[in-house]
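Here's the structure we're looking at; comments come further down.
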Amino acid sequence: METSKPKPFDIAVKWAAIYVIASIVLTYTWQFLNIDPNTSVKYIGFLIFVVFLILALKEQRDKQGGFVTFGESFVAGLYYSIISAVVISIFTYLYFAILSPQMYEKILDTTKAGLVEKGLSSDQIDQTMSIMSKYGVLLAAVGSLFLMAIFGIIVSLIGAAIFKKERSILDIEQNSDSFTDPAI
């Protein structure tokens, strides 16, 4: 009986779904506890992203009998990163535009206060706030897409280098006990 290799896409979808659910729960936890996500608490989201990416890479290796090439591991991490980035970007847009627009209003208020504190003129502040009001939600979604994808690629490269464990000649010989010569 031949075992098939696990598909990195399936593993990535599983862990990306878990990450997205955890991220949504975290987002609403911050909202209901009235925690400002622009403080150092925002790094918790990055930490959760990295933990689930590492778990995806580990599952890829474990499902292959403890052996995985750099490329196989990287592909699993890449899929995880891209799937997570796309879904979180969609959620970000929906969250700020439809589900909780009051949270985006808080961001606008905080931004305006920061611009006033920096000493910008009222025309500069009005122009910035006008752009943020019109395009800010979309820019936040697109920005999160690219930032998460790039961050995920970097972490995937590092993780793939760490989790890489290729079969040695001894491992191949041990698994070839059931090999039969086709010429016989």
Side-chain angles (χ1 to χ4, degrees), residues 9 11-58 73-163:
F9 185 78
I11 293 169
V13 167
K14 171 188 157 185
W15 287 104
I18 294 169
Y19 164 70
V20 167
I21 291 167
S23 185
I24 291 170
V25 168
L26 187 63
T27 299
Y28 279 105
T29 300
W30 287 339
Q31 179 180 341
F32 293 129
L33 295 177
N34 203 21
I35 297 173
D36 183 10
N38 292 323
T39 61
S40 58
V41 78
K42 69 182 169 190
Y43 297 112
I44 293 172
F46 289 115
L47 181 64
I48 292 171
F49 178 82
V50 170
V51 166
F52 288 131
L53 189 145
I54 289 170
L55 289 171
L57 299 182
K58 182 179 180 318
S73 189
F74 174 71
V75 166
L78 179 68
Y79 285 156
Y80 166 86
S81 300
I82 291 173
I83 294 165
S84 296
V86 168
V87 177
I88 285 296
S89 295
I90 292 168
F91 170 72
T92 299
Y93 182 81
L94 292 174
Y95 179 73
F96 286 131
I98 298 167
L99 302 173
S100 296
Q102 72 276 11
M103 293 305 290
Y104 189 68
E105 291 298 322
K106 283 185 180 181
I107 291 172
L108 290 175
D109 293 342
T110 304
T111 302
K112 187 171 185 174
L115 295 174
V116 168
E117 188 176 301
K118 286 183 180 180
L120 271 67
S121 70
S122 62
D123 288 340
Q124 291 172 318
I125 292 172
D126 291 342
Q127 184 179 14
T128 301
M129 298 311 295
S130 172
I131 292 170
M132 283 190 67
S133 295
K134 289 179 186 173
Y135 306 111
V137 173
L138 182 61
L139 290 174
V142 171
S144 68
L145 173 70
F146 287 111
L147 289 175
M148 279 186 68
I150 291 168
F151 180 69
I153 289 169
I154 292 168
V155 175
S156 294
L157 286 168
I158 295 167
I162 293 169
F163 278 93

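Counting heavy atoms from C-beta outward, L120 and Q127 have side chains that stay 4.5 Å or more apart. Residues F74 and I153 have side chains in contact (heavy-atom distance under 4.5 Å, counting atoms from C-beta outward). You'll find the side chain of K14 stays beyond 4.5 Å of the side chain of F52, heavy atoms only. Side-chain atoms of V86 and M148, non-hydrogen and from C-beta on, never get closer than 4.5 Å to each other. Between I107 and F96 the shortest side-chain heavy-atom distance falls below 4.5 Å.
Summarising the geometry of S73 relative to L57, their closest heavy-atom pair is O-CD2, 2.9 Å, with the distance given to 0.1 Å. In this structure, S144 and T92 approach most closely via the heavy-atom pair OG-OG1, 3.9 Å. The two residues V25 and T29 come nearest to each other via the heavy atoms O-OG1, 2.7 Å. The minimum heavy-atom distance between Y104 and V137, with the atom names listed, is OH-N, 3.7 Å. Residues A56 and I11 share a closest heavy-atom pair of O-CG2, 3.5 Å. Residues I44 and W30 approach most closely at CB-CZ2, 4.4 Å, considering heavy atoms.
One finds the CD1 atom of I131 at 11.5 Å from the CG atom of D126 (value rounded to the nearest 0.5 Å). With values rounded to the nearest 0.5 angstrom, I125 atom CD1 is found 13.5 Å from S130 atom OG. To the nearest 0.5 angstrom, I98 atom CD1 is 13.5 Å from Y95 atom OH. Atoms OG1 and CD, on T27 and Q31 in that order, are 9.0 Å from each other to the nearest 0.5 Å. In this structure, CG in L53 is found 8.5 Å from CZ in F151, a value given to the nearest 0.5 Å. The distance from the CG atom of L147 to the CD1 atom of I88 is 13.5 Å, given to the nearest 0.5 Å.
Remark: the backbone N or O of S81 is not paired with any side-chain donor or acceptor of S84 at under 3.5 angstrom.
Y80 and F49 have tilted rings, their planes meeting at an angle from 30° to 60° on a 0 to 90° scale.
Taking a 6.0 Å sphere around CD of Q102, one finds it holds more than 12 heavy atoms contributed by other residues, nucleotides or ligands. Atom OH of Y93 is surrounded by 12 or fewer heavy atoms from other residues, nucleotides or ligands within 6.0 Å.
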Discussion item. Test side chain to side chain contact (heavy atoms under 4.5 Å, CB included) on V75 and F9; report intermediate values, then the result.
Written reply: CA-CA 8 Å; V75 166; F9 185 78; over 6 Å; no
Worksheet item: Run the side chain to side chain contact (heavy atoms under 4.5 Å, CB included) check on L139 and M132 step by step: do they pass?
Response: CA-CA 9 Å; L139 290 174; M132 283 190 67; over 6 Å; no
Fill in: V142 and S89: CA distance, side-chain angles, deciding distance, side chain to side chain contact (heavy atoms under 4.5 Å, CB included) verdict
CA-CA 7 Å; V142 171; S89 295; over 6 Å; no
Worksheet entry | Evaluation steps, side chain to side chain contact (heavy atoms under 4.5 Å, CB included), between I48 and S23 | CA-CA 8 Å; I48 292 171; S23 185; over 6 Å; no
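Applying the side-chain contact (heavy atoms from CB on, under 4.5 Å) criterion to S121, with sequence neighbours excluded, gives D123, Q124. For I24, the side-chain contact (heavy atoms from CB on, under 4.5 Å) test picks out V20, Y28, F91, with sequence neighbours left out.
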